[in-house]
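Report on the structure given below.
So you know, we letter chains A, B, ... as the sequences are listed, proteins then strands, and number each from 1.
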Amino acid sequence: MSWAAPDDIFFSTSLAAYLDKKLLVLLRDGRKLMGLLRSFDQFANAVIEEAYERVIVGDLYCDIPLGLYIIRGENVVLIGELDVEKEELPAQMVQVSEAEIKKAQKAEKEEMLLKGLMRKRMEFLDLDKLAILFEDREVAELYKVIMCVCVCV
Amino acid sequence: MLFFSYFKDLVGQEVTVELKNDLAIRGTLHSVDQYLNIKLENTRVVDQDKFPHMLSVRNCFIRGSVVRYVQLPPDGVDVDLLHDAARREARGA
């Protein structure tokens, strides 16, 4: 891999244009890391200095400091250059402590699990089969609604 | 090589890149490389409310391996040219 000439960095896809800039790195597991890009290679492995993880749950967010990070390129989704003149987050978002955001994350995870569980229960009520049973689609739909309500309660 | 050459010709056009994590980003195609990594300029996220962290990102580098679709303007594609190029590649391969 040859070194890019000073002008090449503006036209190529190399990360050289992002060196020493504050970046947002999105990872495949959904995490958002932010920090200064110090080094990279052809696999998009990256060295991020003063890294912190920005955790967002609804309108709450928290920046958890991480220090010096080496990220393996296969986990990188996107590397974005943050515009220093623009607001990084919408105005209504509130910064909270690490403990608070971890609590909010847990609550959100439990809500997702519950939603998934309820959806699975409702899926087994096959509308077409019920329509044949009742010989009337409207009655079948009504039956399904009543059963869903009973399952949720 | 075919799509790398094709994207090189598309540099400067407005495209929407949809990623495997369902994030869709609209921007001007700045550059592409042999891995089909994409650099976009003037980016804005399609569903901004769902991705608040992307608010101040104006340029980004997208790793080729995470792209699901690249949506192009219908008149940005010369389908016949692509068709011929594909046939040529197939014959050569």
Side-chain angles (χ1 to χ4, degrees), chain A residues 1 4 8-19 21-34 37 40 42-46 53-63 71-94, chain B residues 1-13 15-71:
Chain A
M1 185 177 154
D8 287 347
I9 59 172
F10 298 111
F11 300 109
S12 72
T13 313
S14 89
L15 290 168
Y18 290 176
L19 279 173
K21 295 228 165 84
K22 186 171 178 204
L23 306 172
L24 165 75
V25 183
L26 292 183
L27 300 181
R28 281 207 332 230
D29 63 3
R31 275 192 264 208
K32 308 154 201 71
L33 300 187
M34 300 168 75
L37 180 70
F40 66 94
Q42 68 269 38
F43 305 111
N45 295 328
E53 182 188 345
R54 179 158 283 172
V55 183
I56 298 177
V57 181
D59 276 345
L60 307 173
Y61 76 95
C62 178
D63 293 341
I71 305 173
R72 190 178 159 88
E74 65 172 317
N75 298 295
V76 170
V77 168
L78 173 156
I79 297 181
E81 186 185 350
L82 297 165
D83 190 346
V84 288
E85 285 167 27
K86 300 237 157 61
E87 281 302 313
E88 284 178 1
L89 289 170
Q92 81 268 14
M93 302 201 62
V94 180
Chain B
M1 277 306 289
L2 198 171
F3 282 99
F4 175 36
S5 311
Y6 172 64
F7 280 126
K8 273 200 287 192
D9 293 333
L10 272 182
V11 166
Q13 297 242 23
V15 297
T16 302
V17 182
E18 185 178 320
L19 307 180
K20 289 179 185 170
N21 66 356
D22 294 340
L23 176 60
I25 306 170
R26 191 163 180 78
T28 314
L29 186 62
H30 172 269
S31 55
V32 69
D33 67 7
Q34 51 173 317
Y35 306 114
L36 303 187
N37 294 332
I38 291 172
K39 248 194 183 172
L40 291 179
E41 304 235 298
N42 255 316
T43 57
R44 12 181 213 299
V45 174
V46 170
D47 194 351
Q48 186 69 70
D49 301 322
K50 224 178 140 197
F51 305 100
H53 49 280
M54 295 286 299
L55 189 63
S56 75
V57 175
R58 281 295 162 269
N59 311 312
C60 63
F61 164 93
I62 301 172
R63 200 167 192 269
S65 60
V66 303
V67 172
R68 186 186 288 144
Y69 306 123
V70 178
Q71 294 159 13

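- Other residues, nucleotides and ligands contribute only 12 or fewer heavy atoms inside 6.0 Å of the CZ atom of A:R72.
- Contact annotation for residues 22-31 of chain A against chain B (heavy-atom separation below 4.5 Å, listed by residue number): A:L24, A:L26.
- Of the atoms belonging to A:M93, it is side-chain heavy atoms, and not backbone ones, that fall under 4.5 Å from chain B.
- Ion pairing between A:R54 and A:E88 holds under the 4.0 Å rule for side-chain N and carboxylate O.
- Within 6.0 Å of the CD atom in A:E85, the count of heavy atoms belonging to other residues, nucleotides or ligands does not exceed 12.
- Not counting sequence neighbours, B:Q48 has no partner by the side-chain hydrogen bond (donor to acceptor under 3.5 Å, both in side chains) test.
- The contact between A:Y18 and chain B is made entirely by side chain atoms (from C-beta outward), counting heavy-atom distances below 4.5 Å.
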Tabulate below the donor-acceptor pairs under 3.5 Å that side-chain atoms of residues 50-61 of chain B make, not counting sequence neighbours, or state none.
from	atom 1	to	atom 2	distance (Å)
B:R58	NH1	B:T43	O	3.2
B:R58	NH1	B:L55	O	3.4
B:N59	ND2	A:E81	OE1	3.2

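- In this pair, B:F3 and B:Y6 present their aromatic rings perpendicular. The plane angle is above 60°, beyond the 30 to 60° band.
- B:F4 carries B:K8 over the face of its six-membered ring, with the cationic atom under 6.0 Å from the centre and within 45° of the normal.
- In this structure, chain B has heavy atoms under 4.5 Å from both the backbone and the side chain of A:L89.
- By the side-chain hydrogen bond (donor to acceptor under 3.5 Å, both in side chains) test, B:N37 pairs with B:D33, sequence neighbours left out.
- Both the backbone and the side chain of B:I62 come within contact range of chain A, with heavy atoms under 4.5 Å apart.
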